[in-house]
2 protein chains.
Amino acid sequence: MERIVIAFGGNALLRKGDSGDFETQSARAYEAFSSLGSALAEYEVVISHGNGPQVGNILLQNEFSRNVTQPMPLYSCGAMSQGLIGLALSFAYERAKYEFGLSRDISVLMTRTLVDKNDPSFTNPSKPIGPFYTEEEAAKNMKEKKWSMKEDSGRGWRRLVPSPDPIEILERKQILSLLSNGFLPVCSGGGGIPVVKSNGFYEGVDAVIDKDLASSVLASSINARRLVILTDVENAFLAYGKPEQEAIGIVNLDKITAYSESGVFAKGSMGPKITAAIRFIRSGGKEAIITSLDNARAALAGKAGTIIRP
Amino acid sequence: MERIVIAFGGNALLRKGDSGDFETQSARAYEAFSSLGSALAEYEVVISHGNGPQVGNILLQNEFSRNVTQPMPLYSCGAMSQGLIGLALSFAYERAKYEFGLSRDISVLMTRTLVDKNDPSFTNPSKPIGPFYTEEEAAKNMKEKKWSMKEDSGRGWRRLVPSPDPIEILERKQILSLLSNGFLPVCSGGGGIPVVKSNGFYEGVDAVIDKDLASSVLASSINARRLVILTDVENAFLAYGKPEQEAIGIVNLDKITAYSESGVFAKGSMGPKITAAIRFIRSGGKEAIITSLDNARAALAGKAGTIIRP
């Protein structure tokens, strides 16, 4: 059976206008599993997912309560979001399991991702995260907590954290074990909890790992044949948003690498997805797909989406 | 290799006077694993744990931020605490693994516990949880959220939630799979996320499951030979706190059942541990141990603690 990693985008749990309550997130997750439908039976699937809005809320809750209870470090908020989202995905999957007559049981695994403590992003944190602060609060956080902070277009100050490259999925063996026993693992949520190796031991580190780059490392390390990155557009585009915009369909590694190096993909959104796809193919992956939830099944059949092959 | 379930008490992560920051919790967890030491190599161990203070803080954070972000339901806060505590346990275990030359890798699994939606506790919620509210806030919560609430000895109003009996560990098969592949599973944190079956599907329910009772169900359902409940006292006692207090050592099922039925064990603390032990032995378990972390190894050798046998 073909092994594939499917990376759910943020819209698998939350869409514009959603209130963000737990039940709605779980209902969205059900829609996501439903659009995969029978594909969940045809492949040996591993699910990864983003956690942006959820970890943002947890950080907000930490900050608003900092006078009454100890805030938890960012990396541990990632672990919390894995539990929260994993639970919503479990309830949702079980409905899809019944509807599509699937046999596998879901299994949500706390997953950490190793990053290099010398990753250049640590000396140049650039990823804004969490609530907005006043200038005074920002000054205090920069002094007392050694946070990097930046004023954000008149809306207030935000914390900047590093976004280091993922190197290794620490729970790789556990994922393979669950897979080989017929479970559907949910792992590497939010890119995984970032850890560095320090004096021989793993330690959490306040950073954010791109979930598509982490999913790419995950897919390579478990020898998945395909990596499917689900997002809110059907394809990656050339000249995106311009009159001459052109959807990218089936494309080989050399061509997509050339596009990528010419800088046509937006840094914060399509860029990392393309990089994740390229890295996966370079590491021996047979196919990387970038498409929307609605087109996932057609894309797996080679009939939709951006499909990157060696 | 003998299979045992070890239920960590609250003091495995937090002690009186601890600030409760993540690093301290992780350091406490390291002490807990260290006191087990080589026992972690001699047995096929499954770890469960409490989550009282941690889920209390998460609830507090939810409440203090309810005007800026959607509070998550209690049951999903349990899932968050499993991720948080599982991460602290992972970092801690890896230090113990190195120190004691252990071979197993840890694996933190999101775990749900089935309860009966007709459990009598649902009509009589009695477990106080979360922050204190003013009378006015309490009235609002009772009306709008249908919460049960109670004034708590002049300190304010608190939410009361049901504490239903655990019936089944939903992720039992996943735990067995990880065990059979040589991992040390961490599961059923905080008694597991409470779910009921409704129209054929599992749904989260706002309740708190006693972690020792859940650990007892866990131990029985995976055919563990022994259940070890770790707490802050070396033994269960008769006439606890009185001059004639007497430590209970090795005791058989009939005798402990008689003690229990005579009401000598405190309802909120030792009572459920004794009940958990009795249920485990009645379901075929060979030995249930109640003791402190420091005495765990001696108790496993039959030389300390309260030891309940058929």
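Residue numbers begin at 1 in each chain, while the letters A, B, ... track the order of the sequences.
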Under a 4.5 Å heavy-atom cutoff, which of [options] has the most pairs with chain A?
options              : result
B:S65, B:G83, B:G86  : B:S65
B:Q82, B:M72, B:E203 : B:M72
B:I85, B:N57, B:I58  : B:N57

Got a salt bridge between [X] and [Y], using NZ or NE/NH1/NH2 to carboxylate O under 4.0 Å?
X      : Y      : result
B:E168 : B:R112 : no
A:K127 : A:D210 : no
B:D116 : B:K197 : no
B:E137 : B:K140 : no

Need one label for [X]: side chain, backbone, both or neither, based on atoms under 4.5 Å from any heavy atom in chain A.
X      : answer
B:F201 : side chain
B:L109 : both
B:S19  : both
B:Q174 : both
B:E63  : neither

Side chain from CB out, backbone as N, CA, C, O: work out which of these in [X] comes under 4.5 Å of a heavy atom of chain B, or both, or neither.
X      : value
A:K173 : both
A:V186 : neither
A:R66  : neither
A:I193 : side chain
A:Y202 : both
A:L170 : neither
A:F22  : both
A:S90  : both

How long is the gap from CG on B:L176 to OG on B:S221, to the nearest 0.5 Å?
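Result: 7.0 Å between the selected atoms.
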
Answer yes or no: are there more than 12 heavy-atom neighbours, outside A:F64 itself, under 6.0 Å from its atom CZ?
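Check fails, neighbour count at 12 or below.
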
Tell me whether the count of non-hydrogen atoms from other residues, nucleotides or ligands lying under 6.0 Å of CD in B:E135 goes above 12.
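No, because the 6.0 Å sphere around CD of B:E135 holds 12 heavy atoms or fewer from other groups.
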
May I ask you to check whether A:F33 and A:F8 place their ring centers less than 6.0 Å from one another?
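They qualify: ring centres under 6.0 Å apart.
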
Top residue by heavy-atom pair count (under 4.5 Å) with chain B, among A:T111, A:N67, A:V195, A:T69?
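Of A:T111, A:N67, A:V195, A:T69, A:T69 has the most heavy-atom pairs under 4.5 Å with chain B.
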
Taking the side chain as C-beta and beyond, is there a heavy-atom pair between A:Q54 and A:L14 under 4.5 Å?
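A:Q54 reaches A:L14 side chain to side chain.
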
So do the side chains of A:V108 and B:E171 get within less than 4.5 Å of each other, counting heavy atoms only?
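No; the side chains remain at least 4.5 Å from each other.
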
Please determine if A:R155 forms a cation-pi arrangement with A:F132, meaning its NZ or CZ atom is less than 6.0 Å from the six-membered ring centre and no more than 45° off the ring axis.
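Ring-cation test returns no.
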
